Amino acid sequence: MSEIVLKITGLRVSYGGIQAVKGVDLEVRKGELVSLIGANGAGKTTTLKAITGLQPITDGEVHYAGRTINGQGAYDLVRQGLCMVPEGRGVFTRMTIAENLQMGAYTRKDKEIDSDIDKVYGIFPRLKERRDQLAGTMSGGEQQMLAMGRALMSRPQVLLLDEPSMGLSPIMVDKIFEVVEDISKQGVTILLVEQNAKRALGLADRGYVMDSGQVTMTGPAEELLHDPRVRAAYLGE
Ligand code: ATP
């Protein structure tokens, strides 16, 4: 088995007096694709935000690449290879597609940025066609592609994806899951938060199920997919 690259122990996060994450343990090994599923409000997004320093941690530890990263900001983490694609995408709406991709490489100083942009255009030909268009004028699916492309420009070792399929048409959902699989096959470690439990577990090596701020089940994705409790609660069966 490969080494653990991301490890969360006893994570607690509160908003005011309300505990959104209540003692979560989770680990991701190098090269793995791990899906975190659960109902609305289960605490999945909060967990990702706590990992990347966007939400203060009440208690617990986040380890990345062998070090504690509690309290480190998103910029430092991107430089260390840990990059999040947020829910709602967060693209720079008043910049063009090409400019957004350039921004994704802001932590890099090497000379391969242009060739990496070409690689992103290879994955998402639509972005190439529209490279001079303002990101804010693109469809939701196109913005999701751009957000993922921009994250790839940082050459991440670990990618945290928050609900990449949310609000997209079925064709676009297919495309996004295809790309997540491709990125994973290229060796990028992925922690995928998804409402679409069937698709997310279908791709993943392992999965975690969250409910009311706690991890209620974990195991090989294949086992979770066939677990009657998961099927009843999250696959609509
Ligand atoms: P969803 O799929 O709907 O995004 P989630 O599993 O990602 O759900 P979170 O967004 O992490 O869940 O929310 C967990 C809990 O924390 C919810 O009860 C939510 O209402 C609450 N919460 C989230 N963000 C805030 C905030 N900024 N202020 C107060 N409460 C919040």
Side-chain angles (χ1 to χ4, degrees), residues 6-28 33-64 69-74 77 82-91 140-141 143-144 147-148 151 158-170 172-173 176-177 180 189-204 206-219 221 224-225 227 229-237:
L6 181 68
K7 186 176 173 75
I8 302 168
T9 44
L11 181 73
R12 290 179 185 278
V13 183
S14 299
Y15 295 105
I18 298 167
Q19 274 196 34
V21 176
K22 305 170 186 165
V24 162
D25 297 330
L26 181 152
E27 62 187 44
V28 183
L33 199 174
V34 173
S35 289
L36 175 57
I37 63 164
N40 276 321
K44 307 179 300 295
T45 297
T46 303
T47 300
L48 291 192
K49 283 184 174 169
I51 295 171
T52 49
L54 296 171
Q55 189 62 45
I57 292 171
T58 315
D59 200 9
E61 291 272 341
V62 183
H63 273 86
Y64 169 65
I69 56 165
N70 285 36
Q72 286 196 33
L77 295 174
L82 180 64
C83 188
M84 170 161 158
V85 179
E87 198 174 351
R89 295 126 201 172
V91 299
Q143 289 191 26
Q144 184 63 50
M148 289 171 69
V158 177
L159 202 52
L160 309 177
L161 299 173
D162 195 1
E163 309 246 9
S165 79
M166 191 168 67
L168 304 186
S169 66
M172 214 44 109
V173 170
I176 292 297
F177 277 109
V180 171
T189 305
I190 298 177
L191 177 57
L192 171 66
V193 162
E194 261 292 333
Q195 293 263 342
N196 192 333
K198 192 170 186 177
R199 297 293 294 266
L201 290 175
L203 280 188
R206 286 189 305 114
Y208 288 84
V209 180
M210 261 185 101
D211 185 21
S212 305
Q214 290 175 312
V215 170
T216 51
M217 277 194 257
T218 182
L224 290 177
L225 255 182
D227 187 292
R229 290 164 296 175
V230 174
R231 296 183 82 86
Y234 305 106
L235 304 181
E237 290 174 16

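Here the structure is a predicted model, which means the values were calculated and not measured. Ligands are counted one by one from 1 in listed order, and the atoms in each one are counted from 1 as well.
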Could you go through the side chain to side chain contact (heavy atoms under 4.5 Å, CB included) check for M166 and Q195 one step at a time? CA-CA 8 Å; M166 191 168 67; Q195 293 263 342; 5.5 Å; no
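- The closest side-chain donor-acceptor pair between E194 and S35, if any, does not fall under 3.5 angstrom.
- The minimum heavy-atom distance between D25 and G10, with the atom names listed, is OD1-N, 2.6 Å.
- V21 and G43 make their closest contact through CG2-O, 3.7 Å (heavy atoms, listed as atom of the first residue, atom of the second, distance).
- The 4.0 Å heavy-atom shell around ligand 1 contains residues Y15, A20, A39, N40, G41, A42, G43, K44, T45, T46, E87, E163, Q195, ordered by chain and number.
- Going from atom CG of L26 over to atom CZ of R206 covers 7.5 Å, rounded to the nearest 0.5 Å.
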Take L191 and Y208, measure what side chain to side chain contact (heavy atoms under 4.5 Å, CB included) needs, and give me the verdict at the end. CA-CA 10 Å; L191 177 57; Y208 288 84; 5.6 Å; no
